[in-house]
K.L.:
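Please find one structure pasted underneath; my questions will follow.
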Amino acid sequence: MIIQNLFLQGIYTFDGAGLDKPVPLHAELSHFVPDGVTNQTLYFRGGNSSPELVTVVLMRDRIPMRYFPIGAKSDVHIPLRVVEDTEGGSVIELFIVAPVGTRGYVVVDLGMVEH
């Protein structure tokens with residue numbers, strides 16, 4: 001039984017901190033999974049305005065769960081065929097990895113369900 005559909009989405013600016021330094025994309029792109037509920041991520045869509053490859057990182061409790069590379073001035077749509085359960089009490093966040101000095105906008109749309 002699905003309790004609710006959830007979406008972390010929007011258009012956000014970013015400043016690259018380095019390929020080895022994932023940084024939170026924006027505070028709005030964080031979701032606490034309530035106790036007693038299971039969350040599943042279903043798809044990711046993203047767009048990148050910068051002239052460099054960037055990667056959006058799906059984090060669970062600040063540990064990388066999935067990487068979504070987005071090419072320079074490009075977009076991506078990834079339906080997740082392997083869906084992991086995220087248990088209650090976890091925090092899901094979107095981070096970004098980009099070369100130092102890279103600036104731009106990223107469009108993100110992460111679709112999830114909780115049950």
K.L.:
Looking at every heavy atom in both Gly104 and Ser50, which two are closest together, and how far apart are they?
P.N.:
CA-CB, 4.5 Å

K.L.:
Provide the closest heavy-atom pair for Pro99 versus Leu53 in the form atom of the first, atom of the second, distance.
P.N.:
CD-O, 3.7 Å

K.L.:
Are Tyr12 and Leu6 joined in one hydrophobic group, where the rule is that I, L, V, M, F, W and Y side chains link up if heavy atoms are under 4.5 Å apart?
P.N.:
yes

K.L.:
Find out whether Asp61 and Val91 are in side-chain contact, i.e. whether some heavy atom of one side chain is under 4.5 Å from a heavy atom of the other.
P.N.:
yes

K.L.:
Between Arg66 and Val57, is any pair of side-chain heavy atoms under 4.5 Å apart?
P.N.:
no

K.L.:
Within the supplied structure, the quantity of interest is the number of heavy atoms (other residues, nucleotides, ligands) at a distance under 6.0 Å from Phe32 CZ; does it exceed 12?
P.N.:
yes

K.L.:
So which atom in Glu28 and which in Leu8 form the shortest heavy-atom distance, rounded to 0.1 Å?
P.N.:
O-CD2, 4.0 Å

K.L.:
Rounded to the nearest 0.5 Å, how far apart are CZ of Phe68 and CD1 of Ile78?
P.N.:
5.5 Å

K.L.:
Decide yes or no for Ser74 and Asn48: does some side-chain heavy atom of the first lie under 4.5 Å from some side-chain heavy atom of the second?
P.N.:
no

K.L.:
Treating Ile, Leu, Val, Met, Phe, Trp and Tyr as nodes and any side-chain heavy-atom pair under 4.5 angstrom as an edge, say whether Val23 and Val106 lie in one connected cluster.
P.N.:
yes

K.L.:
Rounded to the nearest 0.5 Å, what separates atom CD in Glu84 from atom OG1 in Thr41?
P.N.:
7.5 Å

K.L.:
Does the side chain of His115 reach to within under 4.5 Å of the side chain of Gln40, using non-hydrogen atoms?
P.N.:
yes

K.L.:
With side-chain contact (heavy atoms from CB on, under 4.5 Å) as the criterion, how do His31 and Val33 come out once you've worked through the C-alpha distance, each side chain's angles and the decisive distance to 0.1 Å?
P.N.:
CA-CA 6 Å; His31 174 68; Val33 180; 4.1 Å; yes

K.L.:
Evaluate the side-chain contact (heavy atoms from CB on, under 4.5 Å) criterion for residues His26 and Val108: first the C-alpha distance (whole Å), next the side-chain angles of each, then the deciding distance (0.1 Å), finally the verdict.
P.N.:
CA-CA 11 Å; His26 195 280; Val108 295; over 6 Å; no

K.L.:
Give the intermediate values and the outcome of side-chain contact (heavy atoms from CB on, under 4.5 Å) for residues Leu42 and Leu80.
P.N.:
CA-CA 5 Å; Leu42 301 177; Leu80 301 176; 6.0 Å; no

K.L.:
Would you say the side chain of Val97 lies within less than 4.5 Å of the side chain of Lys21, judging by non-hydrogen atoms?
P.N.:
no

K.L.:
Could you tell me the separation between the CD atom of Gln4 and the CG atom of Asn39, rounded to the nearest 0.5 Å?
P.N.:
9.0 Å

K.L.:
Are Leu19 and Tyr67 joined in one hydrophobic group, where the rule is that I, L, V, M, F, W and Y side chains link up if heavy atoms are under 4.5 Å apart?
P.N.:
yes

K.L.:
If you look at every heavy atom in Met59 and Pro64, which pair is closest and at what distance?
P.N.:
SD-N, 3.3 Å

K.L.:
Are Tyr43 and Phe7 close enough that some pair of their side-chain heavy atoms sits under 4.5 Å apart?
P.N.:
yes

K.L.:
Are the side chains of Leu58 and Phe44 in contact, using a 4.5 Å heavy-atom criterion?
P.N.:
no

K.L.:
So how far is it from Ile96 CD1 to Ile70 CD1, rounded to the nearest 0.5 Å?
P.N.:
7.0 Å

K.L.:
Just wondering, do Thr86 and Met112 contact through their side chains at under 4.5 Å, heavy atoms?
P.N.:
no

K.L.:
In the single-linkage hydrophobic clustering (I, L, V, M, F, W, Y; side-chain heavy atoms under 4.5 Å), do Leu29 and Leu110 co-cluster?
P.N.:
yes

K.L.:
For residues Met65 and Phe95: do they belong to one hydrophobic cluster (side chain heavy atoms under 4.5 Å, members Ile, Leu, Val, Met, Phe, Trp, Tyr)?
P.N.:
no

K.L.:
Please find the pair of heavy atoms, one from Lys73 and one from Ser49, that lie closest to each other, and give the distance.
P.N.:
CG-O, 3.5 Å

